[in-house]
Amino acid sequence: MVFPDYRPRRLRRNEHFRRMIRETLLLSDHLIYPLFVVFGKGVRRPIPSMPGIFQLSIDEAVKEVRECRDLNIPAVILFGIPDKKDEKASGAYAADGIIQRAMRTLKEKVPEVLLIGDVCLCEYTSHGHCGILSGNEVDNDATLELLARTALSQAKAGADMVAPSDMMDGRVAEIRQALDENGFEHLPIMSYAAKYASSFYGPFREAAESAPQFGDRKGYQMDPANAREALREVTLDVEEGADIIMVKPALPYLDVLCRVREEFDLPLAAYQVSGEYAMIKAAAQKGWLDERSVVMESLLSIRRAGADMILTYFAKEAAAWLQEKR
Ligand code: PBG
């Protein structure tokens with residue numbers, strides 16, 4: 001069927017038709033909201049490069065998670081900023097670490113929202129790398145045990161799911177084993193399976209105070225040029241026992257997301273990262289883009305490319321807009 005017999009505009013003429021034939025839906029059910037938690041009380045410290053996002057003390061985090069519940073957002077992911085950093089990232093797996101405390105409180109005060117623990121060491125190491133150093137390199141195998149310890153301590157503190165973001169080889173299996181041996185065989189793992197060494201993480205590193213003190217993360221995170229390698233990375237994590245796989249960042253990597261969707265049937269997440277958020281916010285503040293429509297279009301694009309769920313700093317705003325629409 002070709003023009004003039006076929007006229008695609010027939011089904012675009014009004015919103016009723018458009019609604020009826022829409023292929024992709026975005027619901028608040030698909031959103032996960034990231035939170036940065038710090039020690040203290042009444043702390044709500046703005047992050048300059050991420051307008052609307054704050055470092056929050058636990059009492060303030062409780063308020064945010066209640067808001068998420070009321071907006072029908074099913075889950076939050078927690079990042080912790082410790083008061084002391086050291087070579088071994090002790091704060092990441094301390095029983096009274098910032099994340100562990102936050103989880104215990106949030107689980108008690110807002111049990112309706114799932115708590116995901118980001119499992120990584122970079123916020124907790126004095127050098128800002130995602131693992132234990134041996135010389136100037138991150139020692140993969142020496143790091144695994146600490147990652148497993150971190151995941152287990154989060155599980156004990158009430159995490160509903162753990163999400164390793166460090167990109168060490170073999171970490172999913174190591175975490176799975178530690179969880180299983182300690183009675184957490186029911187706890188799912190969401191693995192940052194294809195995580196790129198991206199410059200779009202800049203604002204996050206300000207928020208989480210986790211910038212590497214020397215060098216970069218190219219020795220463990222993926223090369224932005226590689227897509228086939230992403231499929232191998234995902235295969236490994238699936239074989240090691242990941243329950244949900246993730247591609248990160250989102251918008252610059254929609255092709256990767258789409259290929260992972262085609263090859264794998266596990267639930268798939270995408271992380272719309274801090275730099276993606278910052279770009280839209282900055283352009284909106286200058287009046288160069290319409291924030292609401294650009295945010296919704298970007299989230300819809302990520303869903304269209306194949307993501308089941310989206311980790312996004314826009315989660316609360318998007319969920320509120322979705323409520324309005326109904
Ligand atoms: C921790 C981690 C990072 C992000 C999520 N987990 C930073 C990094 O790898 O440097 C980035 C998230 C964002 O930019 O929003 N390793």
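All ligand and atom numbering here is 1-based and tracks the order in the structure. Note that this is a predicted model, so its numbers are computed, not measured.
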Element-labelled atoms of ligand 1 that are located less than 4.0 Å from some non-hydrogen atom of [X]:
{"X": "Arg217", "result": "8 (C), 9 (O), 10 (O)"}
{"X": "Asp118", "result": "6 (N)"}
{"X": "Tyr271", "result": "12 (C), 15 (O)"}
{"X": "Arg205", "result": "8 (C), 10 (O)"}
{"X": "Ser165", "result": "1 (C), 2 (C), 6 (N), 16 (N)"}
{"X": "Cys122", "result": "1 (C), 16 (N)"}
{"X": "Tyr313", "result": "12 (C), 13 (C), 15 (O)"}

Residues [X] and [Y] bridged, charged N to O under 4.0 Å:
{"X": "Asp166", "Y": "Arg171", "answer": "yes"}
{"X": "Glu108", "Y": "Arg104", "answer": "no"}
{"X": "Arg304", "Y": "Glu23", "answer": "no"}

- Message: Does the structure place the NZ or CZ of Lys195 under 6.0 Å from the centre of the six-membered ring of Tyr201, at an angle of no more than 45° from the ring's axis?
- Response: yes
- Cation-pi geometry met for Arg45 and Phe54 (6.0 Å, 45°): no
- Note on the structure: Closest to atom 2 (C) of ligand 1 among protein heavy atoms sits Lys195 NZ, 3.3 Å
- For atom 14 (O) of ligand 1, what is the nearest protein heavy atom, given as residue, atom name and distance? Ser274 OG, 2.7 Å
- Task: Before signing off on this row, confirm whether Gln221 and ligand 1 have an N or O atom pair separated by under 3.5 Å.
- Result: yes
- Task: May I ask you to check if ligand 1 and Glu123 share an N or O to N or O distance below 3.5 Å?
- Result: no
- Message: Could you check whether any side-chain heavy atom of Phe204 comes within less than 4.5 Å of a side-chain heavy atom of Glu123, counting everything from C-beta outward?
- Response: yes
- Task: Using only heavy-atom distances, determine whether the side chains of Tyr220 and Asn140 contain a donor-acceptor pair under 3.5 Å.
- Result: no
- Query: Just heavy atoms, cut-off under 4.0 Å: does Cys120 contact ligand 1 by side chain, backbone, both, or neither?
  - Reply: side chain
- Note on the structure: Any heavy atom of Asp166 under 4.0 Å from ligand 1? The part involved is neither
- Message: Using a 3.5 Å distance criterion without hydrogens, assess whether the side chain of Gln154 forms a donor-acceptor pair with backbone atoms of Ala92.
- Response: no
- State whether the side chain of Asp86 and the backbone N or O of Ala89 hold a donor-acceptor pair below 3.5 Å, judged by distance alone. yes
Any atom of ligand 1 sitting under 4.0 Å from a heavy atom of [X]?
{"X": "Lys248", "answer": "yes"}
{"X": "Tyr277", "answer": "no"}
{"X": "Met167", "answer": "no"}

- Query: Counting heavy atoms not belonging to Lys88, are there more than 12 under 6.0 Å from its NZ?
  - Reply: no
